[in-house]
Amino acid sequence: MRPLPRLLPAVAVTVTGLALALAGCSTMAAAESRTTAPRTASPSANRGHVAPPGRQVIAALGDSIMNGHGLQSGQDWPTLLADDRDETVYNVSCDGGGFVAVGDCGTDFAGLIPAALHEHPDIVVVQGSDNDHAQSESALVAATTATVDELHHEFPHARILGINTLWNQPSAAPAEIAYSSAAVKQAVQGVGGTYIDIGQPLAGHSDLVQSDDEHPTATGQRVLLGDVEAACDAAGFAL
């Protein structure tokens with residue numbers, strides 16, 4: 001669901017790990033003007049937009065759940081995952097965004113792609129969004145397929161990882177959540193990518209979500225981290 005408006009800059013993370021969290025900008029110019037130098041694990045780590053030799057570059061696209069809305073910087077699960085890996089991660093996320101939904105940054109997920117173009121990612125991670133909960137199945141399939149096809153076109157040599165759509169609210173998930181997850185699976189596998197389904201690990205656990213019943217707490221983000229790592233390992237997808 002759409003949180004209170006918040007626009008975060010596209011963030012480049014160079015740490016011992018992967019980061020996917022989706023609050024960024026919709027155009028290359030916006031990305032250039034708001035992208036910061038990567039956070040590093042040590043003063044000797046490379047800064048700027050060039051990954052150190054041997055490190056994979058990962059671009060992550062998502063919504064406010066992925067970008068850690070309501071938490072301190074670095075508490076989102078992609079950045080936590082980065083702490084476990086030796087990669088360079090560029091996090092391009094947007095509060096309120098989805099494959100159809102236009103987020104607070106003024107675009108849907110397709111509009112986030114230009115922000116990652118100049119990073120030359122080896123891996124692109126994209127996750128379904130509950131911001132698309134009011135859309136029809138046909139609209140979700142069409143928009144998701146078009147966006148993933150564009151990702152594959154722009155990054156033909158990158159491995160694409162798709163993740164199912166989360167529903168953290170206490171109420172039963174609407175049918176659109178299943179439609180969205182199925183659309184991500186179909187689209188990602190259609191371009192030779194890998195799809196993982198981590199289920200709904202936060203559903204029914206009020207202690208793992210913030211008072212808005214939507215966004216994970218710091219502990220909830222750690223739960224997501226563990227499930228993503230486990231699902232990737234089971235699928236044979238090396239982060």
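None of these values were measured; they are calculated from a predicted model. Computed over heavy atoms, backbone and side chain alike; hydrogens, waters and symmetry mates excluded.
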- Hey, is the main chain of G97 close enough, under 3.5 Å, to the side chain of N131 for a donor-acceptor pair? yes
- Task: Using atom types as modelled and distance alone, determine if a side-chain donor or acceptor of R159 lies under 3.5 Å from a backbone N or O of A238.
- Result: yes
- Would you say D227's side chain and A230's backbone share a donor-acceptor pair under 3.5 angstrom? no
- Do T107 and L112 touch side chain to side chain, with heavy atoms closer than 4.5 Å? yes
- Task: Mind running side-chain contact (heavy atoms from CB on, under 4.5 Å) on D149 and V191 for me, showing each step along the way?
- Result: CA-CA 7 Å; D149 284 351; V191 296; 3.5 Å; yes
- Query: Regarding S138 and S136, is there a side-chain donor-to-acceptor distance under 3.5 Å anywhere?
  - Reply: yes
- Taking the side chain from T147 and the backbone from F99, do they hold a donor-acceptor pair closer than 3.5 Å? no
- Are Y179 and I196 connected in a single hydrophobic cluster, I mean Ile/Leu/Val/Met/Phe/Trp/Tyr linked by side-chain heavy atoms less than 4.5 Å apart? no
- Is there a donor-acceptor pair under 3.5 Å between the side chain of E119 and the backbone N or O of A116? no
- When hydrophobic residues are tied together by side-chain contacts of less than 4.5 Å, even through go-betweens, does L225 share a cluster with I58? yes
- Task: Consider only side-chain heavy atoms of I, L, V, M, F, W and Y, link residues closer than 4.5 Å, and tell whether L140 and L151 are in one cluster.
- Result: no
- Query: Same cluster for V100 and V126 if Ile/Leu/Val/Met/Phe/Trp/Tyr side chains link at under 4.5 Å?
  - Reply: no
- Do you know the tightest heavy-atom contact between I163 and V184? O-CG1, 4.0 Å
- Message: Between I177 and Q200, does the side-chain contact (heavy atoms from CB on, under 4.5 Å) criterion hold? Intermediate values first, please.
- Response: CA-CA 11 Å; I177 300 303; Q200 301 297 340; 4.1 Å; yes
- Applying side-chain hydrogen bond (donor to acceptor under 3.5 Å, both in side chains), name anything that partners E229, two or more places apart in sequence or on another chain. R85
- Output for pair (Q127 CD, S180 OG), nearest 0.5 Å, gives 9.0 Å
- Note on the structure: Of all heavy-atom pairs linking D63 and F109, the shortest is N-CZ, 4.1 Å
- Under 3.5 Å donor-acceptor, N164 side chain and G199 backbone: yes
- Item | Which atom of E214 lies closest to which atom of Q169, heavy atoms considered | OE1-NE2, 3.4 Å
- Item | T165 side chain near E176 side chain, heavy-atom distance below 4.5 Å | no
- Message: Would H152 and I160 count as a side-chain contact (heavy atoms from CB on, under 4.5 Å) here? Give the steps.
- Response: CA-CA 8 Å; H152 181 58; I160 296 179; 4.1 Å; yes
- Query: Counting N and O atoms only, with roles assigned by atom type, does the side chain of Q221 sit under 3.5 Å from a partner on the main chain of I65, one being a donor and the other an acceptor?
  - Reply: yes
- Message: A side-chain contact here means heavy atoms from C-beta on lying under 4.5 Å apart; do D132 and T144 qualify?
- Response: no
- Can you find a heavy atom in the side chain of V223 that is under 4.5 Å from one in the side chain of L202? yes
- Message: Checking D76 against T79: is there a side-chain donor and acceptor pair closer than 3.5 Å?
- Response: yes
- Note on the structure: Taken to the nearest 0.5 Å, the spacing of H69 NE2 from D104 CG works out to 9.0 Å
- Message: Hydrophobic cluster membership, with links at side-chain heavy-atom distances under 4.5 Å among I/L/V/M/F/W/Y: are L224 and I123 in one?
- Response: yes
- Nearest heavy-atom pair of A158 and V124: which atoms, and what distance? CB-CG2, 4.2 Å
- Task: Looking only at non-hydrogen atoms, find the nearest pair between P201 and L166 and report the distance.
- Result: CD-CD2, 4.3 Å
- Query: Between F155 and L117, is any pair of side-chain heavy atoms under 4.5 Å apart?
  - Reply: yes
- Query: To the nearest 0.5 Å, what is the distance between CG (L208) and CG (N168)?
  - Reply: 9.0 Å
- Message: Is it the case that the side chain of T145 and the backbone of A187 share a donor-acceptor pair, with hydrogens and angles ignored and the cut-off at 3.5 Å?
- Response: no
- Item | For G70 against Q210, the heavy-atom pair lying closest together | CA-OE1, 3.7 Å
